[in-house]
Amino acid sequence: MQIQLFNSKGRQKEPLRLREPGRVGLYVCGVTVYDHCHIGHARVMVVFDVVVRYLRACGLQVTYVRNFTDIDDKIIQRANGLGIAIAALTERYIAAFHQDMAGLGVAKADVEPKATEHLPEMVAMIDRLLAKGLAYTGGGDVYYAVDRFATYGQLSGKQLNELQAGSRVEVDGCKENPLDFVLWKGAKAGEPSWPSPWGEGRPGWHIECSAMSCKYLGESFDIHGGGMDLLFPHHENEIAQTEGSTGHPWVRYWLHNGFVNVISDSGEREKMSKSLGNFSTIADLLAHYPGEVLRLFILNSHYRSPLDFSGELLEAARHGMDRLYTALAAAKKQLGALPEPISLAALSAEPDAPLWQEVAEPFCLAMDDDFNTPQAIAVLFELARTINRSVTLLAQGGAVEQSDLRNRVNLLRQLAAVLGLLLEEPEHYFHRQNSDGGEDARIETLIQQRLAARQARNFAEADRIRQQLAEEGITLQDSKEGTTWRRS
RNA sequence: GGCCGGGUGGCGAAGUGGCCUAACGCGGAGGUCUGCAAAACCUUUAUUUCGUGGGUUCAAAUCCCACCCCGGCCUCCA
């Protein structure tokens with residue numbers, strides 16, 4: 001198994017070579033907590049959740065760090081607008097974030113540091129930059145002098161002179177160069193501030209990621225990820241800060257995910273963003289779709305490609321997810337209970353097993369190739385079909401190797417789990433949402449009434465009941481063993 | 001203006017020199033099953049075709065050139 005990943009630094013696929021064998025340090029830029037998260041945020045979180053899940057499935061020990069930006073202009077503005085304390089605002093949206101992530105099946109990071117809890121680390125780094133002559137003070141602020149960092153622009157492939165030529169950056173009075181960025185902002189009246197050698201103030205945006213990643217992952221680590229839009233200037237600035245202050249290489253692999261686009265009312269395709277106001281929040285979507293449907297929708301495109309968002313596409317993803325769970329449900333009926341999934345590591349220990357070659361290997365090869373989740377998902381669907389085929393055969397009285405079916409189901413759940421899919425019991429998935437016990441009992445009663453009608457060959461009444469349930473979004477499925485129901 | 005991506009069937013989306021007469025999913029059509037359905041299964045749904053026009057090669061969706069579109073970044077943004 002050799003994982004290849006597309007390194008934004010250098011813009012090509014490279015084999016993943018770790019600093020320390022068996023251990024991976026991963027930092028992903030989290031969210032600024034001043035509002036609800038939208039599907040664009042969901043994409044980064046799901047994508048890197050899968051990266052972590054896969055690396056762990058490969059037996060690597062991953063330390064995953066994902067920050068919260070809990071102090072910045074927009075947060076202050078928003079809190080003032082609402083007339084509440086900053087901490088009250090950020091706590092509210094951190095809680096909302098966690099709830100969204102739980103709904104999406106995104107595991108918590110190992111460390112979720114907050115900027116406001118790392119002021120000393122940031123101040124220390126700024127201090128080092130000043131001592132090294134890479135930063136300068138002006139009007140109570142501290143700025144980074146980008147032209148003193150030799151490789152500035154290397155990550156994003158930008159030349160300093162080109163940037164300046166086409167620059168639309170407003171020239172700040174205290175900046176020596178319009179591209180210089182602020183490390184420390186001097187306090188203004190009515191704003192929260194912290195003490196520093198340069199007076200009261202607060203940190204610039206970029207410094208937190210440098211300081212916090214170094215604290216939790218060391219001054220060099222393996223992978224840093226985030227949305228494509230962070231590549232410049234955020235990540236460029238992070239490099240300048242970190243390597244400028246430590247004097248040695250920092251991040252080995254940069255991973256950037258593509259954007260979520262929305263087709264606007266006028267038919268234009270545009271990036272989904274808070275500033276454009278064209279977003280669907282995760283919470284809104286989770287009210288209508290199971291989290292795994294959103295995951296399948298996101299993972300069905302490669303993480304670096306742009307992703308168009310629409311209700312129809314989400315609906316298609318839902319049907320796809322139903323299909324996977326249907327295979328699971330059918331197998332469960334045959335096997336009595338779903339077997340405990342075997343681990344990927346245990347499987348790979350027996351690479352000669354036919355199932356490994358037929359299924360697990362193609363899956364892993366796809367994932368090894370820069371996390372090609374669409375291809376990996378294809379393997380899942382093919383596996384689901386072989387399961388359905390066996391179940392169909394059994395139902396027709398054919399002979400099927402029970403152990404083979406069991407192994408396939410095992411494998412389906414195990415591989416799907418790497419993508420954070422098929423984590424529920426099928427009946428829970430199909431009975432989901434607003435199905436409290438009373439609701440379920442009511443549906444069961446109607447099914448019994450319909451059964452009685454059918455036995456009396458009163459098909460008009462049976463169909464009436466079925467139609468009534470259909471109008472509630474409930475589909476019935478008759479079989480020799482009885483009738484089951486699902487929400488669609 | 002500079003710099004990056006991308007244009008594949010009705011839709012989404014893999015594939016980036018021969019295994020591609022193009023995976024997989026959604027949708028459509030026909031069949032099996034069913035009282036009828038639903039689901040599943042089977043068959044089928046791009047055959048000078050992978051934005052357009054040239055070129056390289058024994059061989060190109062895949063490499064090169066030109067052109068046309070689309071998106072992103074260059075300012076906060078996942």
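Numbers restart at 1 for each chain; the letters A, B, ... are given by sequence-line order, proteins then strands.
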Using a cut-off of 4.0 Å on non-hydrogen atoms, how would the nucleic acid contact of [X] be classed: base, sugar-phosphate, or nothing?
| X | result |
| --- | --- |
| A/Gly30 | sugar-phosphate |
| A/Val260 | base |
| A/Asp478 | base |
| A/Ser479 | nothing |
| A/Arg389 | sugar-phosphate |
| A/Arg450 | base |
| A/His38 | base |

Please list each protein N or O that sits under 3.5 Å from an N or O in nucleotides 60-62 of chain B, with the distance.
none

Proximal nucleotide (of [options]) relative to the [X] side chain:
| X | options | answer |
| --- | --- | --- |
| A/Asn257 | B/rA78, B/rG2, B/rC41 | B/rA78 |
| A/Pro233 | B/rG35, B/rA78, B/rC76 | B/rC76 |
| A/Thr392 | B/rA78, B/rC41, B/rA14 | B/rC41 |

Indicate yes or no for a side-chain donor-acceptor contact from A/Ser210 to the backbone of A/Glu238 under 3.5 Å, with no hydrogens or angles considered.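 Side chain of A/Ser210 to backbone of A/Glu238: a pair is present.
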Within 45° cone of A/Phe6 ring axis and under 6.0 Å: A/Arg304 NZ or CZ: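 Judged by the rule, A/Arg304 and A/Phe6 form a cation-pi pair.
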Distance in angstrom units between [X] [atom1] and [N] [atom2], rounded:
| X | N | atom1 | atom2 | answer |
| --- | --- | --- | --- | --- |
| A/Phe430 | B/rA40 | CZ | C1' | 12 Å |
| A/Asp49 | B/rA78 | CG | C1' | 15 Å |
| A/Phe459 | B/rA37 | CZ | P | 12 Å |
| A/Glu236 | B/rC3 | CD | P | 16 Å |
| A/Gln159 | B/rG1 | CD | C1' | 16 Å |
| A/Leu255 | B/rA78 | CG | P | 18 Å |
| A/Leu307 | B/rG6 | CG | C1' | 14 Å |
| A/Asp463 | B/rG35 | CG | P | 12 Å |

On a whole-Å scale, what distance lies between the [atom1] atoms belonging to [N] and [M]?
| N | M | atom1 | value |
| --- | --- | --- | --- |
| B/rC50 | B/rA23 | P | 15 Å |
| B/rG71 | B/rC76 | P | 23 Å |
| B/rU21 | B/rU45 | P | 15 Å |
| B/rC11 | B/rC19 | C1' | 28 Å |
| B/rC24 | B/rC69 | C1' | 28 Å |
| B/rC65 | B/rG18 | C1' | 24 Å |
| B/rU8 | B/rC20 | C1' | 12 Å |

Donor-acceptor pair under 3.5 Å, A/Arg43 side chain vs B/rA78 base: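 Between B/rA78 and A/Arg43, which were checked side chain against base, a qualifying N/O pair under 3.5 Å is absent.
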Could you tell me whether the side chain of A/Arg454 has a donor or acceptor atom within less than 3.5 Å of a complementary atom in the base of B/rG35?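 Result: at least one qualifying N/O pair found.
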Filtered N/O pairs between nucleotides 22-26 of chain B and protein, under 3.5 Å:
{"from": "B/rA23", "atom 1": "O2'", "to": "A/Glu382", "atom 2": "OE2", "distance (Å)": "3.3"}
{"from": "B/rG25", "atom 1": "OP1", "to": "A/Arg385", "atom 2": "NH1", "distance (Å)": "3.3"}
{"from": "B/rC26", "atom 1": "O3'", "to": "A/His319", "atom 2": "ND1", "distance (Å)": "3.3"}

Give the minimum heavy-atom separation between A/Ala416 and A/Leu422, together with the two atoms involved.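 For A/Ala416 and A/Leu422, the tightest heavy-atom pair comes out as CB-CD1, 3.6 Å.
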Tell me the closest heavy-atom pair linking A/Leu155 and A/Arg11, and the distance in Å.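 Minimum heavy-atom separation between A/Leu155 and A/Arg11: O-NH2, 4.1 Å.
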Quick one: do [X] and [Y] make a salt bridge, cutoff under 4.0 Å?
| X | Y | answer |
| --- | --- | --- |
| A/Glu424 | A/Arg432 | no |
| A/Lys13 | A/Asp369 | yes |
| A/Glu439 | A/Arg442 | yes |

Under 4.0 Å: is that the gap between some side-chain N or O of A/Asn261 and OP1 or OP2 of B/rG72?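 Answer is no, no contact under 4.0 Å.
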Any side-chain N or O of A/Thr483 under 4.0 Å from OP1/OP2 of B/rA37?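 A/Thr483 to B/rA37 OP1/OP2: no side-chain N or O under 4.0 Å.
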Not counting sequence neighbours, which residues clear ring pair (Phe, Tyr, Trp, His ring centres under 6.0 Å) with [X]? List them please.
| X | value |
| --- | --- |
| A/Tyr429 | A/Tyr325 |
| A/Tyr144 | A/Phe181 |
| A/His224 | A/Tyr27, A/His235, A/Trp250, A/Trp254 |

Need to verify one output field. Residue with the more 5' nearest nucleotide on RNA chain B, A/Val44 or A/Phe232?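 Counting from the 5' end, the first nearest nucleotide belongs to A/Phe232.
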Using the closest heavy atom to pick a nucleotide of RNA chain B for each, name whichever of A/Gln477 or A/Cys29 lands nearer the 5' end.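 That would be A/Gln477.
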Please name all residues satisfying salt bridge (charged side-chain N to carboxylate O under 4.0 Å, His left out) with A/Glu444, sequence neighbours left out, ordered by chain then number.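 A/Glu444 satisfies salt bridge (charged side-chain N to carboxylate O under 4.0 Å, His left out) with no other residue.
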Salt bridge (charged side-chain N to carboxylate O under 4.0 Å, His left out) involving A/Asp229 - partner list, sequence neighbours excluded: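 Per chain and number, A/Asp229 pairs via salt bridge (charged side-chain N to carboxylate O under 4.0 Å, His left out) with no residue.
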Taking Watson-Crick and G-U wobble contacts under 3.5 angstrom, with | marking pairs to another strand and [ ] crossing pairs, the secondary structure of RNA chain B is written ((((((((.[[[..)..(.....]]]((((((.......)))))).....[[[[[..)....]]]]])))))))....
Applying side chain to side chain contact (heavy atoms under 4.5 Å, CB included), run through A/Val293 and A/Phe297 and close with a yes or a no. CA-CA 6 Å; A/Val293 167; A/Phe297 166 70; 5.5 Å; no
Scan residues 223-231 of chain A against RNA chain B and write down, sorted by residue number, each residue with any heavy atom closer than 4.0 Å; if none is found, say none.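 RNA chain B contact set from residues 223-231 of chain A: A/Gly226, A/Gly227, A/Asp229, A/Leu230.
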For RNA chain B, what residues of residues 95-104 of chain A have any heavy atom nearer than 4.0 Å?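 Here the set is empty: none.
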Given side-chain hydrogen bond (donor to acceptor under 3.5 Å, both in side chains), test A/Tyr303 with A/Asp370 step by step and report yes or no. CA-CA 9 Å; A/Tyr303 76 89; A/Asp370 196 31; 2.7 Å; yes
Which pairs would a plain distance check flag for residues 376-387 of chain A, meaning a side-chain donor or acceptor within less than 3.5 Å of a matching protein atom at least two apart in sequence or in another chain?
{"from": "A/Thr386", "atom 1": "OG1", "to": "A/Leu383", "atom 2": "O", "distance (Å)": "2.7"}
{"from": "A/Thr386", "atom 1": "OG1", "to": "A/Arg408", "atom 2": "NH1", "distance (Å)": "3.1"}

Is there any salt bridge (charged side-chain N to carboxylate O under 4.0 Å, His left out) pair reaching into residues 27-43 of chain A, and which pairs are they, with sequence neighbours excluded?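 For residues 27-43 of chain A, and leaving out neighbouring residues, the salt bridge (charged side-chain N to carboxylate O under 4.0 Å, His left out) pairs sorted by first residue read A/Asp35-A/Arg78.
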Consider only side-chain N and O atoms of A/Asp368 and A/Tyr54, and report whether a donor and an acceptor are under 3.5 Å apart.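 Checked: A/Asp368/A/Tyr54 side chains pair up, N/O donor to acceptor below 3.5 Å.
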